[in-house]
A.B. asks: 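Here's a structure for you.
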Amino acid sequence: MSTQRVFAARLAGCPVFDPAGDRLGKVRDVVVVYRSKAAPRVIGLVCEIPGRRQVFVNIGRVTSISSGQVITTGLINVRRFQPRADEVRVLAEVVGRRVHFVDGSGSAVIEDVGIEPNRVGEWAIGQLFLRKPKTSASPFAKGPTTFATWHEVREHHAPGEAQSAEALAASYAELRPADLANTLLDLPEERMLEVAEELSDERLADALEEMPEEEQAHILEKLGDERAADVLDAMDPDDAADLLAELEPERSEELLQLMEPEEAEDVRMLLRYGADTAGGLMTPEPIIMSADATIAEALATIRRHELHPALAASVFVTLPPYETPTGRFLGAVHFQRMLRYPPHERIGAILDDTIEPVLVTSSAAEVARHLASYDLVSLPVVDQARRLVGAISVDDMLDYLLPDDWRSHDTDAPLPPAPGTGTIPTVGLG
């Protein structure tokens with residue numbers, strides 16, 4: 001067993017290997033139990049295996065721990081991790097906790113926790129990385145940092161009680177939205193809501209979009225009205241509409257009244273359509289330009305970082321006005337085609353007018369067939385007057401076709417049937 005001290009924040013995300021060098025997953029947290037007269041003992045690691053399942057790896061199954069990798073015996077119980085009453089997760093519940101120095105010199109917040117083995121190979125918390133209160137009035141200043149052993153501090157609250165979630169939310173800064181969503185759902189409810197409060201509106205919106213709608217609604221209902229409306233404003237209109245559809249009509253209307261008028265208008269339009277129609281699946285914010293716009297202007301538009309890759313793949317060309325519902329739909333230009341022509345060329349000259357849009361009332365099955373038949377990553381949606389009202393991306397279609405709980409299934413486990421079907425859809429993309 002490696003004798004190197006390892007800090008939990010650096011350990012998080014490290015790959016886990018078996019003795020043969022095959023990757024099993026990655027570390028998500030360290031699990032400890034408190035002891036009356038000694039530092040908390042490490043009993044295992046929380047690891048994420050394929051399928052985004054978080055499992056417990058007993059410390060006895062670990063042969064080496066370093067800040068770059070973890071090596072195990074290769075024997076892992078794949079049952080989903082559920083913490084017991086006496087088990088505490090370091091990153092989820094210890095980091096961010098306020099402690100007081102035993103010598104009376106003040107207090108500090110735990111920013112990281114170092115674990116190390118003793119002579120007999122038992123791992124325990126060996127050192128704490130602490131940040132003291134700041135001494136400057138500057139809003140950008142931070143307090144000084146220091147190291148201390150577990151015995152040099154005492155907790156302000158009872159062991160295991162969650163405190164400030166600010167440091168924990170910061171430790172999730174690099175997680176992708178889907179991983180952040182899974183991480184939040186694996187926290188105890190009270191802790192999850194504390195972390196949600198610390199996330200920015202945009203970051204929380206991204207995470208909610210990756211959760212099942214029931215979980216979305218549960219978290220949204222726990223937020224204050226103003227914060228809930230701000231988060232809905234930050235969500236994509238189609239995701240916000242799906243979420244509001246899960247709430248009682250009265251509650252949904254209350255939140256719509258608090259949203260920004262332009263955002264609320266888009267969501268209200270989507271709520272008018274059935275969930276299994278093109279109108280219910282589309283986003284009302286595709287890239288729309290005039291036929292007189294140049295390729296340089298179009299490429300500059302699709303470079304915007306906030307655009308979803310599927311929607312940034314094509315520019316839709318219409319007659320004025322250029323906001324949905326637009327003038328008559330003329331065609332689309334894929335970004336790959338734009339790269340083959342000089343920047344000053346007008347996009348109207350390279351327009352693909354063979355892409356047939358779907359009506360806003362078209363069924364989801366028809367949309368899926370259309371996307372698959374023509375190898376499209378996005379599809380224009382028009383009304384009866386052929387005005388562009390939105391676009392459906394392939395990921396919107398997959399979200400509809402896959403079962404509600406697809407995120408919780410193992411990679412190689414069979415998925416249950418999609419909504420309204422008796423079999424798993426086999427829609428291809430080319």
A.B. asks: Is Val27 close to Val16 at the side-chain level, that is, under 4.5 Å between some pair of heavy atoms?
C.D. replies: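 SC-SC contact between Val16 and Val27 confirmed.
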A.B. asks: Looking at CG of Leu244 and CG of Leu232, how far apart are the two atoms once the value is rounded to the nearest 0.5 Å?
C.D. replies: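 Reported to 0.5 Å precision, the distance equals 5.0 Å.
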A.B. asks: So, the side chain of Arg97 versus the backbone of Glu93: is there a donor-acceptor pair under 3.5 Å, distance only?
C.D. replies: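 Yes, because the side chain of Arg97 sits within donor-acceptor range (under 3.5 Å) of the backbone of Glu93.
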A.B. asks: With Pro325, which residues qualify under side-chain contact (heavy atoms from CB on, under 4.5 Å), at least two apart?
C.D. replies: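 Scan of Pro325 (side-chain contact (heavy atoms from CB on, under 4.5 Å), adjacent residues dropped) gives Arg387, Val389.
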A.B. asks: Check whether any side-chain heavy atom of Glu197 lies under 4.5 Å from a side-chain heavy atom of Leu193, and answer yes or no.
C.D. replies: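 Not in contact.
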A.B. asks: How many angstroms lie between CD in Gln216 and CD1 in Ile219, if you round to the nearest 0.5 Å?
C.D. replies: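 Answer for the CD-CD1 pair, Gln216 versus Ile219, is 8.5 Å.
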A.B. asks: Can you tell me if Asp233 uses its side chain to pair, donor with acceptor, with the backbone of Glu260 under 3.5 Å?
C.D. replies: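 Pair found, side chain donor or acceptor close to backbone of Glu260.
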A.B. asks: Could you pull out all residues at least two apart from Phe147 that satisfy ring pair (Phe, Tyr, Trp, His ring centres under 6.0 Å)?
C.D. replies: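 Phe147 satisfies ring pair (Phe, Tyr, Trp, His ring centres under 6.0 Å) with Phe129 once adjacent residues are dropped.
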A.B. asks: Under the salt bridge (Lys or Arg N to Asp or Glu O under 4.0 Å) rule, what do Glu194 and Arg191 come out as? Steps first, then yes or no, please.
C.D. replies: CA-CA 5 Å; Glu194 289 177 350; Arg191 187 64 162 167; 3.3 Å; yes
A.B. asks: Step through the shown structure and confirm whether more than 12 heavy atoms of other residues, nucleotides or ligands are within 6.0 Å of NZ on Lys142.
C.D. replies: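 At most 12 heavy atoms, drawn from other residues, nucleotides or ligands, come within 6.0 Å of this atom.
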A.B. asks: For the pair Ile347 and Met289, evaluate side-chain contact (heavy atoms from CB on, under 4.5 Å) and give the outcome as yes or no after the intermediate values.
C.D. replies: CA-CA 9 Å; Ile347 61 175; Met289 301 189 77; 4.0 Å; yes
A.B. asks: Do the side chain of Asp236 and the main chain of Asp238 share a donor and acceptor less than 3.5 angstrom apart?
C.D. replies: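 Flag not set: sc Asp236 to bb Asp238 has no pair under 3.5 Å.
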A.B. asks: Measure across Pro286 and Pro284 and return the closest heavy-atom pair with its distance rounded to 0.1 Å.
C.D. replies: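 Between these two residues, the closest heavy atoms are CD-C, 3.2 Å.
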A.B. asks: What is the minimum heavy-atom distance between Leu270 and Ala241, and which atoms define it?
C.D. replies: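 Closest heavy-atom pair between Leu270 and Ala241: CB-CB, 3.8 Å.
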A.B. asks: Step by step, would you call Val358 with Val367 a side-chain contact (heavy atoms from CB on, under 4.5 Å)?
C.D. replies: CA-CA 7 Å; Val358 293; Val367 173; 4.3 Å; yes
A.B. asks: Among residues at least two apart in sequence or on other chains, which ones pass side-chain contact (heavy atoms from CB on, under 4.5 Å) with Phe17?
C.D. replies: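 If we apply the side-chain contact (heavy atoms from CB on, under 4.5 Å) test to Phe17, skipping adjacent residues, the hits are Pro15, Arg23, Gln69.
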A.B. asks: Answer yes or no: does atom CZ of Arg61 have more than 12 heavy-atom neighbours from other residues, nucleotides or ligands under 6.0 Å?
C.D. replies: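 Atom CZ in Arg61 is not crowded, with 12 or fewer foreign heavy atoms closer than 6.0 Å.
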A.B. asks: Does the side chain of Ile110 come within less than 4.5 Å of Val94's, by heavy atoms?
C.D. replies: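 Sidechains of Ile110 and Val94: in contact.
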A.B. asks: Grab the two heavy atoms, one from Glu213 and one from Asp242, that are nearest each other, plus how far apart they are.
C.D. replies: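 Heavy atoms only, the tightest pair is OE2-CB, 3.5 Å.
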A.B. asks: Please find the pair of heavy atoms, one from Leu24 and one from Pro50, that lie closest to each other, and give the distance.
C.D. replies: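 In this case the closest contact between Leu24 and Pro50 is O-CD, 3.4 Å.
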A.B. asks: Taking salt bridge (charged side-chain N to carboxylate O under 4.0 Å, His left out) as the cut-off, I'd like each qualifying pair that reaches into residues 279-290, sequence neighbours left out, listed once.
C.D. replies: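 Found none.
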A.B. asks: Please list, chain by chain and in numerical order, all residues satisfying side chain to side chain donor-acceptor pair (under 3.5 Å) with Gln257, sequence neighbours excluded.
C.D. replies: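 For Gln257 the side chain to side chain donor-acceptor pair (under 3.5 Å) partners, ignoring immediate neighbours, are Glu253.
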A.B. asks: Take atom CD of Glu122 as the centre, draw a 6.0 Å sphere, and report whether it contains more than 12 heavy atoms from other residues, nucleotides or ligands.
C.D. replies: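 Enclosed.
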A.B. asks: Does any non-hydrogen side-chain atom of Leu256 lie less than 4.5 Å from one of Arg268?
C.D. replies: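 Touching, per the 4.5 Å side-chain cut-off.
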A.B. asks: List the atom of Ser252, the atom of Leu271, and the distance in Å for their closest heavy-atom pair.
C.D. replies: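 Heavy-atom minimum between the residues: OG-CD1, 4.5 Å.
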A.B. asks: With sequence neighbours left out, what residues match Asp201 under side chain to side chain donor-acceptor pair (under 3.5 Å)?
C.D. replies: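 Once residues adjacent in sequence are excluded, the partners of Asp201 under the side chain to side chain donor-acceptor pair (under 3.5 Å) criterion are Arg227.
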A.B. asks: Any side-chain to backbone donor/acceptor pair from Thr277 onto Tyr273? Under 3.5 Å, distance only.
C.D. replies: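 No, because the side chain of Thr277 does not come within donor-acceptor range (under 3.5 Å) of the backbone of Tyr273.
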A.B. asks: Any chance you could measure Leu204, atom CG, to Leu180, atom CG, to the nearest 0.5 Å?
C.D. replies: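 Going from the CG atom of Leu204 to the CG atom of Leu180 covers 8.0 Å.
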A.B. asks: Rounded to the nearest 0.5 Å, how far does OG1 of Thr324 lie from CE of Met282?
C.D. replies: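 Nearest 0.5 Å value for the CE-OG1 distance: 7.0 Å.
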A.B. asks: Using side-chain contact (heavy atoms from CB on, under 4.5 Å) as the criterion, list what pairs up with Thr318, not counting sequence neighbours.
C.D. replies: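 In terms of side-chain contact (heavy atoms from CB on, under 4.5 Å), with neighbours along the sequence ignored, Thr318 is linked to Ile288, Tyr322, Thr326, Phe329, Leu388.
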A.B. asks: Going by the rule side chain to side chain donor-acceptor pair (under 3.5 Å), which residues pair with Gln54 if we only count those two or more places apart in sequence or in a different chain?
C.D. replies: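 So Gln54 forms a side chain to side chain donor-acceptor pair (under 3.5 Å) with Asp186.
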A.B. asks: Does the side chain of Ile71 come within less than 4.5 Å of Ile65's, by heavy atoms?
C.D. replies: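 No; the side chains remain at least 4.5 Å from each other.
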A.B. asks: If I take atom CZ from residue Phe81 and atom CD from residue Glu48, how far apart are they, to the nearest 0.5 angstrom?
C.D. replies: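 Phe81 CZ to Glu48 CD: 13.5 Å, rounded to 0.5 Å.
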A.B. asks: Just so I know, are the side chains of Ile43 and Glu87 near enough to count as touching, which here means a heavy-atom distance under 4.5 Å?
C.D. replies: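 Ile43 reaches Glu87 side chain to side chain.
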A.B. asks: Please check this pair: side chain of Asp112 against backbone of Ala9, looking for a donor-acceptor N/O pair closer than 3.5 Å.
C.D. replies: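 Yes, the answer is positive, given that a donor and an acceptor are paired below the 3.5 Å cut-off.
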A.B. asks: Check whether any side-chain heavy atom of Asp225 lies under 4.5 Å from a side-chain heavy atom of Arg251, and answer yes or no.
C.D. replies: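 Yes, at least one pair of side-chain atoms sits under 4.5 Å.
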A.B. asks: Would you name the heavy atoms of Ile115 and Trp123 that are closest together and state the gap between them?
C.D. replies: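 Minimum heavy-atom contact is O-CZ3, 3.5 Å.
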A.B. asks: I'd like to check the side-chain contact (heavy atoms from CB on, under 4.5 Å) partners of Ala364; sequence neighbours left out, ordered by chain and number.
C.D. replies: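 Partners of Ala364 by the side-chain contact (heavy atoms from CB on, under 4.5 Å) criterion, ordered by chain and then number, come out as Leu281, Met397, Tyr400.
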A.B. asks: Test your reading of the model: is there a side-chain donor-acceptor pair from Asp29 to the backbone of Leu91, 3.5 Å cut-off?
C.D. replies: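 Yes, because the side chain of Asp29 sits within donor-acceptor range (under 3.5 Å) of the backbone of Leu91.
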A.B. asks: Could you tell me whether a side-chain N or O of Arg131 sits under 3.5 Å from a main-chain N or O of Gly143, the two making a donor and an acceptor?
C.D. replies: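 Flag set: sc Arg131 to bb Gly143 pair under 3.5 Å.
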A.B. asks: Applying ring pair (Phe, Tyr, Trp, His ring centres under 6.0 Å), name anything that partners Phe7, two or more places apart in sequence or on another chain.
C.D. replies: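 Here no residue qualifies.
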A.B. asks: For Glu202, enumerate each residue passing the salt bridge (charged side-chain N to carboxylate O under 4.0 Å, His left out) test, keeping only those at least two apart in sequence or located in another chain.
C.D. replies: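 Scan of Glu202 (salt bridge (charged side-chain N to carboxylate O under 4.0 Å, His left out), adjacent residues dropped) gives none.
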A.B. asks: In the structure I gave you, are the side-chain heavy atoms of Thr149 and Ile125 within less than 4.5 Å of one another anywhere?
C.D. replies: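 SC-SC contact between Thr149 and Ile125 ruled out.
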A.B. asks: Under the side-chain contact (heavy atoms from CB on, under 4.5 Å) criterion, do Leu311 and Thr283 qualify, and how do the steps go?
C.D. replies: CA-CA 9 Å; Leu311 291 178; Thr283 174; 3.6 Å; yes
A.B. asks: Residues in side chain to side chain donor-acceptor pair (under 3.5 Å) with Glu265, at least two apart?
C.D. replies: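 Here no residue qualifies.
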A.B. asks: How far does OG1 of Thr361 sit from CD of Glu366, to the nearest 0.5 angstrom?
C.D. replies: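 Taking OG1 in Thr361 and CD in Glu366, the distance rounds to 8.0 Å.
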A.B. asks: Would Leu130 and Thr145 satisfy side-chain contact (heavy atoms from CB on, under 4.5 Å), going step by step from the backbone distance to the final call?
C.D. replies: CA-CA 6 Å; Leu130 307 170; Thr145 59; over 6 Å; no
